[in-house]
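A quick note: this is a predicted structure, and the numbers were derived from the prediction, not measured.
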Amino acid sequence: VKALAVFKDRLPEEVIKDIAGRLRDDDWEVREATVKVLAKLGNRLPEDVIKAIAARLRDDEGYVREATVEALVKLGDRVPEEVIKAIAARLRDDDEDVRGAAVKALAKLGDRVPEEVIKDIAGRLRDDYWMVRAAAVEALTVFKDRVPEEVIKDIAGWLRDDKWYVRESAYRTLKIFYESGVSLPG
């Protein structure tokens, strides 16, 4: 399956759909590899294949869900609104790597992310997993003009986190806010 990505510009649509059929394989590693290969086909993907990839957001295996989030964001403007909401739902995934991937993906989608999802990203500031907290702090810089004041206060609170990377991310984020003219509390 991976070798087929080399020929992406020459693959007929029926072959792409055959590859997409592997998204339902019993082996999670095959499903994960299929998602990654299909992501490399980018603009060549038919809408029904994009929907089939998005369905893997509910896969039983965390590695597949994480790869799916990362693959979908590569499609940029082709990601339908309902898929953005499905990615946002992964902010509450049981797997911390999936939550982190969802935070990063939503930041890459920028202006297409609705206000309520920005609040959900801000909710990840309280995640148990420090890498998700750090990703949320960094992601909020993308939405700096749309971040409520109470969230900025939360970010300032992460300057006291026990993980240095979270503290550093909070500092960098507040600095970006300040330099962009966003009013900071206190």
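Summarising the geometry, atom CG belonging to Leu140 is positioned 6.0 Å from atom CZ belonging to Phe177; distances are rounded to the nearest 0.5 Å. Annotation: the span from Met131 atom CE to Lys163 atom NZ amounts to 11.0 Å, rounded to 0.5 Å. Taking CG of Leu23 as the start and CZ of Arg31 as the end, the distance is 9.5 Å to the nearest 0.5 Å.
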Apply salt bridge (charged side-chain N to carboxylate O under 4.0 Å, His left out) to Glu70 and Lys74, showing your working. CA-CA 7 Å; Glu70 292 167 353; Lys74 290 178 183 176; over 6 Å; no

Step-by-step side-chain contact (heavy atoms from CB on, under 4.5 Å) determination, Ile19 to Leu11: CA-CA 10 Å; Ile19 294 169; Leu11 290 175; 4.1 Å; yes

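The salt bridge (charged side-chain N to carboxylate O under 4.0 Å, His left out) test applied to Asp60 returns no partner, not counting sequence neighbours. The side chain to side chain contact (heavy atoms under 4.5 Å, CB included) test applied to Ala156 returns Leu174, not counting sequence neighbours. Residues forming a ring-ring contact (aromatic ring centres under 6.0 Å, His included) with Tyr63 (at least two apart in sequence, or on another chain): Trp28.
Side chains of Asp97 and Tyr129 form a contact here, defined as non-hydrogen atoms less than 4.5 Å apart.
Between Arg78 and Glu47 there is a salt bridge, since at least one side-chain N of the basic residue sits less than 4.0 Å from a carboxylate O of the acidic one. Between Asp48 and Lys51, none of the side-chain N atoms (NZ, or NE/NH1/NH2) sits under 4.0 Å from a carboxylate O, so this pair counts as no salt bridge. Using a 4.0 Å cut-off between charged side-chain N and carboxylate O, Lys119 and Glu115 make no salt bridge. Between Asp120 and Arg92 there is a salt bridge, with a side-chain nitrogen of the basic residue lying less than 4.0 Å from a carboxylate oxygen of the acidic one. Here Arg65 does not pair with Asp94 in a salt bridge; the nearest charged N to carboxylate O distance is not below 4.0 Å. Using a 4.0 Å cut-off between a side-chain N of Lys or Arg and a carboxylate O of Asp or Glu, Arg172 and Glu138 qualify as a salt bridge.
For the pair Ala139 and Ala107, the tightest heavy-atom approach, listed with the atom from each and the gap, is CB-CB, 3.7 Å. Nearest heavy-atom pair across Pro80 and Ile50 is CD-CG2, 4.2 Å. What you find for Leu38 and Ile53 is that their closest heavy atoms are CB-CD1, 3.7 Å.
With hydrogens and angles disregarded, no donor-acceptor distance shorter than 3.5 Å links the side chain of Trp158 to the backbone of Val137. No donor-acceptor distance shorter than 3.5 angstrom exists from the side chain of Arg99 to the backbone of Arg124, with no hydrogens or angles considered. Panel note: side chain Thr173, backbone Thr141; no donor-acceptor pair is recorded below 3.5 Å. Without hydrogens or angle criteria, Arg133 side chain to Asp127 main chain gives a donor-acceptor distance under 3.5 Å.
Each of Val73, Val113, Ile118, Val142 was checked for a side-chain contact (heavy atoms from CB on, under 4.5 Å) with Leu106, and the lone residue meeting it is Val113.
Shown here is Asp27, whose CG atom has more than 12 heavy atoms of other residues, nucleotides or ligands within 6.0 Å.
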